[in-house]
Each structure stands twice: as structure tokens, then as C-alpha cells.
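Below, chain A is the first sequence line, B the second, and so on; all start at residue 1.
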Number of protein chains: 2
Amino acid sequence: MMVSTKGRYALRVLIDLAEHDAGGFIPMKDVVQRQNVSQKYMERIMSLLSKNGFVEGVHGKGGGYRLNRSPEEYRIGDILRLTEGTLAPVSCLDCGAKPCERMDSCRTRPLWHDLDRMINGYLDQVTIADLMKKEN
Amino acid sequence: MMVSTKGRYALRVLIDLAEHDAGGFIPMKDVVQRQNVSQKYMERIMSLLSKNGFVEGVHGKGGGYRLNRSPEEYRIGDILRLTEGTLAPVSCLDCGAKPCERMDSCRTRPLWHDLDRMINGYLDQVTIADLMKKEN
DNA sequence: CATTTACCTACTATGTCAATAGGTAAATGA
DNA sequence: TCATTTACCTATTGACATAGTAGGTAAATG
């Protein structure tokens, strides 16, 4: 029942990019220093975020990453579903996983289903903008 | 973000004991056959449930396990917190874990905190009785 | 053209999960 | 009494995911 560092770092880097946004590109070197996390590991997460249209990256001097949209357009649910793969509390709810043959008679499935809806529903109502320090 | 088989099996065995309750003790052999899970593995889970007052077990012929209370007195949250260790979505919320030094400035902590409250709050309002097949 | 940055693939250490293996202890009923 | 049945106990294991590290290449700039 744990969100991995991958997902937590993804949120942190997006918040960091949002809070330090000055229109230009922000090098990961700076973010990594501020957030005190592994540069190499963060690079892999950025690659995922970049491929999926969350951020834009440019090479070379003056390069770095930049948000593709405004902070209130980043739903936490979307970010975590991407980095975690799924937010489902049990694998039988994970579309793409093999279906459970006990599904029809399963006493606990409604429980997991409702829990899943709650979790995703909550995380889809919070955005990066909500997590930013307001007095900026 | 997954509930382990340990927690899922615990719920299933308690539901099974509730649904087949006839006042006496039910041997794990029967439960394991109905639920189609590993006997040895289930035994370890029963030991945990027994030590923590969820079920009572007696040895020998005519022995087995029995619920200690009525089904509506078993909160799903209590069962899962026992078997999973914690339901916290991130370790910094897990009382007993080492506190995070970034706690005060952490932008994401309120998110995790509220999510944690939602998950626990929901699971504490559902009981084993709610998960039983009603027409018994 | 040297420097800076993103971007890529392969590898590894560690830990947890989901069991299995191989027993011992207690209670029963024949 | 004693074989059987059940719970209960400890140690070990295979598989897998996590959280990185190592060592590069490619692109952009000043």
C-alpha cells in the first residue's frame, strides 16, 4: 500500500519546476540539488514524464525541462498512474492484468472496487497547483 | 499501492468462518479447500489473527478456528492494518517509521495525509458482515 | 569545438512477498 | 492408551520489484 519513490519524486520535480518557472528551461542539476535526490535516477523519471507529454526537455547549454501546461492542469492521479503503473489496491482491478476466475463469487471485490474509485477520485481532484507554496 | 495476499487471505478466511459459522470450530483444512489457497501459508496468517484476538483456535479432533465476535464487529481497517503492518500510502506517515527531515517544508505531505485519512476512514466503516453473502 | 545538458541501456544491491519444508504441541475419540 | 487430527512454530527459498549505479551517446550552445 505504498507509493514508490518514483511517483513521489515525479510529484516533487513537477512542483519544483512549477515553483521555479521563469519561462525558460530548468536544468535537472538545479532541481536535483534542491530536492537532494539521485541525478541519474531522476533522469529516468524525467524521460518518462517527457515521453508522456508532461514536460518538455531541451539539450545543451541553457537547456533543461519545462512544464508543458499550467500547474492546475496537472492532476496528481494522472502523474501517479503513469509512474506507478496503476493505483489499484489489488491486481484484479488493474485493467491489463489477468482477470480473476473467482470474480463473480468474490466477496471482497466490491470493497476493492469502491476503495479504488475513492483513491483515484480523490487524486484526480488535486493538482500540482494545489501543492505549490501559495505565496509565490 | 497493493494490498498483499496476506491481507486479502485474512479477509477471505474471516468471511469464510463467518459464513460457515455453526457455533463450533472449523478446521483450516476445510477453509483452505473452499478458498483454494496454500494451507501452510494460511496457517501463518491464522497464527497472527489468533494472537491478536480476531479468532480462537483449538487443537485436535473437532478443533479448528472460530470468530471471537460477531461479523459486524470486525472492521476491515483493523484486519488490514494488522496483516499489512500499515495502510499508509507513504512511509513518512507510518508512525513508528523514522520521521522525514523535510517534513515541515514538504509540499506533498498534506496530500498523503488526507489520502491516508480517506483510506483508513473508508475501511473502518466496512465490516466483515458487510462482505458476507446476505441470503444466509 | 569544448561544454553542457538531455537521453539511453545495462547492471546490481537490497528487500519483500508468497510461499515451502519440516517439524512440535495439544486435544480427541476409538 | 494411542493413533489421529488439528493448531502452532522456525527456518529457508525462489521470484520479483524497487531504487538506484555505471557508463555511455546525442543534441544544442556560446
Next on the checklist: Once side-chain hydrogen bond (donor to acceptor under 3.5 Å, both in side chains) is applied, do any residues pair with A:R117, and if so which ones, sequence neighbours excluded?
Outcome noted: none
Checklist entry - For DNA chain D, what string of dots and brackets results from 5' to 3' when Watson-Crick and G-U pairs need both distances under 3.5 Å, crossing pairs get [ ], and pairs with another strand get |? => result ||||||||||||||||||||||||||||||
Protein-nucleotides 11-14 of chain C N/O pairs under 3.5 Å:
none

Checklist entry - Residues sharing B:M2's hydrophobic cluster, by side-chain heavy-atom contacts under 4.5 Å among ILVMFWY, directly or via others? => result none
Checklist outcome for this item: Within residues 82-97 of chain B, the residues having a heavy atom closer than 4.0 Å to DNA chain D are none
Checklist entry - With sequence neighbours excluded, what pairs up with B:D114 under the salt bridge (charged side-chain N to carboxylate O under 4.0 Å, His left out) test? => result none
With a 3.5 Å cut-off and sequence neighbours excluded, list the donor-acceptor pairs that the side chains of residues 40-64 of chain A form with protein atoms.
unit_1 : atom_1 : unit_2 : atom_2 : d
A:Y41  : OH     : A:T5   : OG1    : 3.3
A:N52  : ND2    : A:L48  : O      : 2.8
A:E56  : OE1    : A:R66  : NH2    : 3.4

Next on the checklist: Listing request: all salt bridge (charged side-chain N to carboxylate O under 4.0 Å, His left out) pairs with a residue in residues 23-39 of chain A, at least two apart in sequence or in separate chains.
Outcome noted: A:D16-A:R34
Next on the checklist: One character per nucleotide, please: for nucleotides 23-30 of chain D, 5' to 3', B when the base has a protein heavy atom closer than 4.0 Å, S when only the sugar-phosphate does, - otherwise.
Outcome noted: BB-BBBS-
Checklist entry - According to the salt bridge (charged side-chain N to carboxylate O under 4.0 Å, His left out) rule, which pairs have a member within residues 80-105 of chain B, sequence neighbours left out? => result B:D78-B:R81, B:R81-B:D124
Item to check | Contacts of type salt bridge (charged side-chain N to carboxylate O under 4.0 Å, His left out), residue B:D116, not counting sequence neighbours | outcome: none
Checklist outcome for this item: Across all chains, not counting sequence neighbours, the side chain to side chain contact (heavy atoms under 4.5 Å, CB included) partners of B:E72 are B:S70, B:T127, B:A129
